[in-house]
Amino acid sequence: MTIRPELLKNIRRTEPYVPGEQPQNRVIKLNTNENPYPPAPGVREVVQSMDTDRFRLYPDPTAEPLVRALAECYGVGKDQVFVGVGSDDVLSMCFLTFFNSEKPILFPDITYSFYKVWAQLYRIPYECPALDEDFRIVREDYYRENGGIIFPNPNAPTAIYEELDFVEDILEHNRDSIVIVDEAYIDFAGKSAMELIDRYDNLIVVQTFSKARSMAGMRIGYAVSSPELIRLLNDVKYSFNSYTMNQTAILCGVEAVKDTEYFHESVRKIVETRETAKEELKKLGFTFPDARANFIFATHPEKDAGEMFRALKENDIYVRHWDGGRIGDYLRITIGTPEEMKALFDFLHEYIKR
Ligand SMILES: *Cc1c(COP(=O)(O)O)cnc(C)c1O
């Protein structure tokens, strides 16, 4: 049955975000930038000793233990931390709270594709300045009037990291706009913009537990900013859903934040594997922008990326590919364990020779 036009005219229709595949069989999964290592050991202990009787109660709406752990970890006030169900939830709340201008918000044409989905969903006007031919963000494009700015650093899917002077320049040129820096991959890259928060009242830094902290399945993200902006963000959250974070996620999150040693070791291993992977890809003839995230965005001068993507998939190696446009010739390859990467390179070695 089709929906009658009279009904349809009042219904919100959106073009949803398309996440990478989550195959249920065992494959080498290098397609959604997950961490190949388990979360900190304390997380398992929390889950195993969970008092399920407590599930009858609502969780702490402020997620206080997690907020406190993050505040201590980053040396900010508890009133400077906002937590949500993955950074997707946090970012979506940020769009709703901070992007309310008639002027368009700005984000790169090649970037995390969720930004466009939220802009459309919330009916926020937007413009997407093009990355340059090396896939770099052109800072001057963000000197114009706007209703807010968002970009990931490192950017996705390019994996390019911009130093803090770049972020600061954008902040300087946009004192009257909110600037959100999406730092989903910052731990693999370099300095976080969090150190600029005291100096720029227009800055919001968003991070996630999904990548460096190995907890994509738990859904935890957070924003750090001034107490004033965090209060406004909380006001919107409490107007939407008070209990976004469940009890288990709050407690698991605390354990993951506390174990800084495990965290740094896991990041170190991935960065080491990434650097080796760059050498291997070069030997195979691939080129790529310098990857500073837990993935590499690579192209091959002789091989069609779409065909390569499908050949890999037939051999149970999943990477990410977007059809068409400027990135149609590229594969985004998540850094897995050294063993997973070896399987990828063994396959590619044979494939490239064909
Ligand atoms: C993975 C990712 C996110 C979202 O992560 P969550 O799992 O929702 O925390 C946000 N931004 C970018 C650029 C990402 O790659």
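For ligands, and for the atoms within them, numbers begin at 1 and follow the listed sequence.
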In terms of atom number and element, which parts of ligand 1 are under 4.0 angstrom from non-hydrogen atoms of A184? 2 (C), 11 (N), 12 (C), 14 (C)
Distance under 4.0 Å to a non-hydrogen atom of K211: what atoms of ligand 1 satisfy this? 1 (C), 2 (C), 3 (C), 5 (O), 14 (C), 15 (O)
So the atoms of ligand 1 within less than 4.0 Å of a heavy atom of G86 turn out to be 8 (O), 9 (O)
Element-labelled atoms of ligand 1 that are located less than 4.0 Å from some non-hydrogen atom of R219: 6 (P), 7 (O), 8 (O)
Checking the side chain of R326 only, and the main-chain atoms of L131 only, is there a donor and an acceptor separated by less than 3.5 Å? yes
Residue part near ligand 1, for D88, under 4.0 Å between non-hydrogen atoms: both
If we set the cut-off at 4.0 Å for heavy atoms, which region of F114 has an atom near ligand 1: side chain, backbone, both, or neither? neither
Would you say H349's side chain and F345's backbone share a donor-acceptor pair under 3.5 angstrom? no
Mutual orientation of the aromatic rings belonging to F107 and Y115 [parallel < 30°, tilted 30-60°, perpendicular > 60°]: perpendicular
Would Y222 and Y74 count as having a side-chain donor-acceptor pair, cut-off 3.5 Å? yes
Proximity flag N33 to ligand 1, non-hydrogen atoms under 4.0 Å: no
Going by atom types only, do N153 and D182 share a side-chain donor-acceptor pair under 3.5 Å? no
Identity and separation of the nearest protein heavy atom to atom 15 (O) of ligand 1: Y185 OH, 2.5 Å
Any cation-pi pair here, K303 with Y351, using under 6.0 Å and within 45°? yes
Under-4.0 Å heavy-atom contact with ligand 1, by part of S210 that carries it: side chain
Donor-acceptor contact below 3.5 Å, side chain D132 vs main chain R136: yes
Got the closest protein heavy atom to atom 13 (C) of ligand 1, with its distance? D182 OD2, 3.4 Å
Over-ring placement of R139 relative to Y142, 6.0 Å and 45° cut-offs: no
Tell me, which protein residue and heavy-atom name are nearest atom 5 (O) of ligand 1, and how many Å apart are they? S87 OG, 3.1 Å
